[in-house]
Structure formats: C-alpha cells, structure tokens
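Everything below concerns the one structure shown next.
Given the structure is predicted, the values throughout are model-derived calculations rather than measurements.
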Amino acid sequence: MSESRVAVEKLRAELAALGVADAYEIGDEATLSVWIGLVVTFREGFYRWREGAVKCRHLGTDPAGCAIRVARRHAELKADVPPWWEELEKVLRGGAAGGYP
C-alpha cells in the first residue's frame, strides 16, 4: 500500500470519527472528496486543500489534526449549500437523494 493511500485512509477514518462519513477516495490513492468544493490531496508529506482562495496544508503525520480542520471547513460549506446543488444532485443521482455528497 502506498504512503498516499495510507495517509488518505487515516484521514478518512479520522473524519468518520468526527461525523464526516461521506468522504470518499476519488481513485488515484491520493485524493479524498469530502464535500462540494472540498477535496483533500496528499503529496510530499502534506495534506492539501483549498478554503476559498487560500491554499491550506497540514502535516501528513497528523491525520487527526488535519481531520479537525477539514471537518470544520466541511461544516462551513454544508451550512451554505449552493443553490444549484439540489437540481444537479437530481440529475447525477436520478432523483432526490437522502443526503448531500
């Protein structure tokens, strides 16, 4: 198992423990999709994501600390769901879904 995959799995487990259970790996072993506009990648020993125009990073040796920061951003984004999401969700999922991504 690659270093990136291990780091992403640890982050996903930490996020799930904080109640962010919808995160999923995109498929390249280094990217985790958490929410609309919140994608975390792992490279060169750091977790990386964006908060608006700000590029954020967190040490890869601290997935629990990173999960706290990402979960906080997840809560901020979830509180302000874009108005276009509901219609797009119906198209992508073929009808009303039980939750958001």
Side-chain angles (χ1 to χ4, degrees):
M1 196 179 274
S2 72
E3 176 188 13
S4 297
R5 184 179 193 104
V6 170
V8 166
E9 286 300 318
K10 286 180 180 179
L11 178 59
R12 186 163 64 177
E14 293 291 343
L15 285 168
L18 294 172
V20 182
D22 298 339
Y24 60 92
E25 185 184 328
I26 291 181
D28 64 0
E29 296 188 353
T31 307
L32 191 66
S33 177
V34 181
W35 184 253
I36 305 164
L38 181 54
V39 176
V40 181
T41 59
F42 182 85
R43 70 175 193 272
E44 300 171 357
F46 287 93
Y47 294 104
R48 300 167 190 269
W49 69 98
R50 294 183 67 94
E51 293 188 9
V54 178
K55 293 179 182 178
C56 300
R57 72 180 190 169
H58 194 92
L59 280 173
T61 56
D62 182 23
C66 181
I68 291 168
R69 292 179 65 191
V70 171
R72 183 190 69 234
R73 179 64 177 156
H74 174 262
E76 291 169 356
L77 291 170
K78 200 169 179 179
D80 191 24
V81 177
W84 50 263
W85 172 248
E86 206 166 294
E87 285 305 313
L88 178 60
E89 179 183 46
K90 289 177 187 174
V91 170
L92 294 174
R93 295 186 179 178
Y100 292 99

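At a threshold of 4.5 Å between side-chain heavy atoms, the hydrophobic network of Ile, Leu, Val, Met, Phe, Trp and Tyr places L38 and I36 in one connected group. Residues L77 and V70 fall within the same hydrophobic cluster, defined by Ile, Leu, Val, Met, Phe, Trp and Tyr side chains chained together at heavy-atom separations under 4.5 Å.
If you take OG on S4 and CZ on R43, they are separated by 10.5 Å, rounding to the nearest 0.5 Å. Of the inter-residue distances, the one linking R5 atom CZ with T31 atom OG1 reads 12.0 Å to the nearest 0.5 angstrom.
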For this session: For R72 and E51, run side chain to side chain contact (heavy atoms under 4.5 Å, CB included): C-alpha distance rounded to whole Å, both residues' side-chain angles, the deciding distance at 0.1 Å, then the answer.
Result: CA-CA 11 Å; R72 183 190 69 234; E51 293 188 9; 3.8 Å; yes

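With a 4.5 Å cut-off on side-chain heavy atoms, F42 and E29 do not count as touching. Within the 4.5 Å cutoff, the side chain of Y47 has heavy atoms near those of the P63 side chain. With contacts defined as side-chain heavy-atom distances shorter than 4.5 Å, the pair R50/R73 does not qualify. Taking the side chain as every heavy atom from C-beta outward, W49 and H58 approach each other to under 4.5 Å. At least one side-chain heavy atom of L59 sits under 4.5 Å from a side-chain heavy atom of F46.
R48 and E44 are joined by a salt bridge, as a carboxylate oxygen and a charged side-chain nitrogen come within less than 4.0 angstrom of each other.
Shortest non-hydrogen contact noted between L15 and A67 is CD2-O, 3.5 Å.
A side-chain contact (heavy atoms from CB on, under 4.5 Å) with V39 is found for exactly one of V34, I26, L32, namely I26.
Relative orientation of the W35 and H74 rings is perpendicular, given thresholds of 30° and 60° on the angle between their planes.
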List the atom pairs, donor and acceptor, that lie under 3.5 Å between side-chain atoms in residues 7-14 and the rest of the protein, sequence neighbours left out.
from	atom 1	to	atom 2	distance (Å)
E9	OE1	R12	NH2	3.1
E9	OE2	R12	NH2	2.9

